[in-house]
Amino acid sequence: MKKSDIKITVGLDDNNVPEKLMWTAQDGGVEQEEAKALLLSVWDSKAKETLRIDLWTKDMPVDEMKQFFHQTLVAMADTFQRATGDEKMADTLRDFCDYFAEKMELKA
């Protein structure tokens, strides 16, 4: 079996608040790229629950965080449709994404 690693490095300040996030995915051509935020979800099939790591650097601008969430929600709708084939619910999630963008004033 082939193995592929994704590495996330978190630089913390004295209060354990993330100051720097770096990630590497050599198979994807990514080597020590900086990020300002990350959301990682892992499905625990034994416990039937989602485990999460949500991190952002203390200098992540709020307007960029709003964009990040919006784009993540849109991507989740696409992934949901591919994973389940449920186009109707994916479209419902996309409708929410449009509502979210409107309320966050991300779109004209």
Side-chain angles (χ1 to χ4, degrees):
M1 176 174 66
K2 182 179 176 184
K3 179 179 151 187
S4 180
D5 292 326
I6 298 171
K7 180 180 176 185
I8 298 167
T9 304
V10 182
L12 303 170
D13 69 9
D14 292 338
N15 295 313
N16 291 326
V17 175
E19 282 189 316
K20 194 166 199 171
L21 298 172
M22 304 294 287
W23 70 290
T24 298
Q26 290 181 334
D27 284 357
V30 178
E31 185 69 42
Q32 286 296 301
E33 289 290 328
E34 188 170 354
K36 293 289 182 187
L38 72 87
L39 305 174
L40 176 65
S41 297
V42 177
W43 180 248
D44 180 339
S45 62
K46 291 177 187 168
K48 301 288 189 240
E49 64 184 11
T50 301
L51 308 175
R52 298 182 3 227
I53 299 173
D54 304 330
L55 296 173
W56 57 94
T57 60
K58 57 186 176 182
D59 65 341
M60 173 73 168
V62 172
D63 61 325
E64 289 184 24
M65 182 61 89
K66 290 176 182 180
Q67 283 183 296
F68 176 56
F69 265 83
H70 178 255
Q71 291 176 15
T72 299
L73 290 169
V74 170
M76 287 176 66
D78 295 341
T79 301
F80 179 80
Q81 184 173 348
R82 281 195 320 276
T84 66
D86 191 335
E87 185 174 347
K88 185 177 178 181
M89 283 309 298
D91 286 342
T92 300
L93 183 51
R94 289 184 191 100
D95 288 343
F96 172 76
C97 292
D98 290 340
Y99 173 80
F100 181 93
E102 179 185 326
K103 292 298 180 184
M104 291 289 105
E105 300 179 348
L106 298 175
K107 292 183 179 179

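Hydrogens, waters and symmetry mates are skipped; everything else that's a heavy atom, side chains included, is used. For clarity, every value in this text was computed on a predicted model and none was experimentally measured.
Separation of atoms CE (M76) and CD (Q81) is listed at 14.0 Å; rounding is to 0.5 Å. The CG atom of L21 sits 5.5 Å away from atom CG of L38, with the distance rounded to the nearest 0.5 Å. In this structure, CD in Q67 is found 11.0 Å from OG1 in T72, a value given to the nearest 0.5 Å. Atoms OG1 and CG, on T57 and L12 in that order, are 11.5 Å from each other to the nearest 0.5 Å. From K3, atom NZ reaches atom CG of D27 across 11.0 Å, with rounding to the nearest 0.5 Å. Atom CG of residue D98 and atom CG of residue L93 lie 10.0 Å apart, to the nearest 0.5 angstrom.
Residues W43 and I6 do not share a hydrophobic cluster, clusters being chains of Ile/Leu/Val/Met/Phe/Trp/Tyr side chains in contact below 4.5 Å. Linking ILVMFWY residues whenever their side-chain heavy atoms come closer than 4.5 Å, directly or via other members, places V10 and I53 in the same cluster. Cluster annotation: Y99 is connected to L106 through the hydrophobic network of ILVMFWY side chains, with a link wherever side-chain heavy atoms come within less than 4.5 Å. F96 and L39 fall within a single hydrophobic cluster, where Ile, Leu, Val, Met, Phe, Trp and Tyr are joined by side-chain heavy atoms under 4.5 Å apart, directly or via other members.
A search for side chain to side chain donor-acceptor pair (under 3.5 Å) contacts involving D63 returns nothing, not counting sequence neighbours. Under the side chain to side chain donor-acceptor pair (under 3.5 Å) criterion, D44 pairs with no residue, sequence neighbours left out. Contacts of D91 classified as side chain to side chain donor-acceptor pair (under 3.5 Å), with partners at least two apart in sequence or in another chain: R94.
The shortest non-hydrogen separation linking A90 to A77 is CB-O, 3.6 Å. Across K36 and D59, no two heavy atoms sit closer than the pair NZ-OD2, 2.7 Å. The minimum heavy-atom distance between P18 and L55, with the atom names listed, is CG-CD2, 4.1 Å. In terms of heavy atoms, A101 sits closest to H70 at CB-NE2, 3.5 Å.
The neighbour count for E19 CD, taken as heavy atoms of other residues, nucleotides or ligands under 6.0 Å away, is above 12. No more than 12 heavy atoms of other residues, nucleotides or ligands lie within 6.0 Å of NZ in K20, so this atom counts as exposed by the packing criterion. Atom CE of M60 sits in a crowded spot, with more than 12 heavy atoms from other residues, nucleotides or ligands closer than 6.0 Å. Other residues, nucleotides and ligands place no more than 12 heavy atoms under 6.0 Å from the CE atom of M89. Other residues, nucleotides and ligands place more than 12 heavy atoms under 6.0 Å from the CD atom of E49. Counting heavy-atom neighbours within 6.0 Å of Q32 CD, excluding the residue itself, gives a total above 12.
Distance alone, capped at 3.5 Å, places no donor-acceptor pair between the S41 side chain and the R52 backbone. Here the side chain of N15 pairs no donor or acceptor atom with the backbone of V17 at under 3.5 angstrom. Listed for the K48 side chain is a donor-acceptor partner under 3.5 Å among the backbone atoms of S45.
Between D5 and K7 there is no salt bridge, since none of the side-chain N atoms of the basic residue sits less than 4.0 Å from a carboxylate O of the acidic one.
W56 is not listed as a side-chain neighbour of F68, based on a closest heavy-atom distance of 4.5 Å or more.
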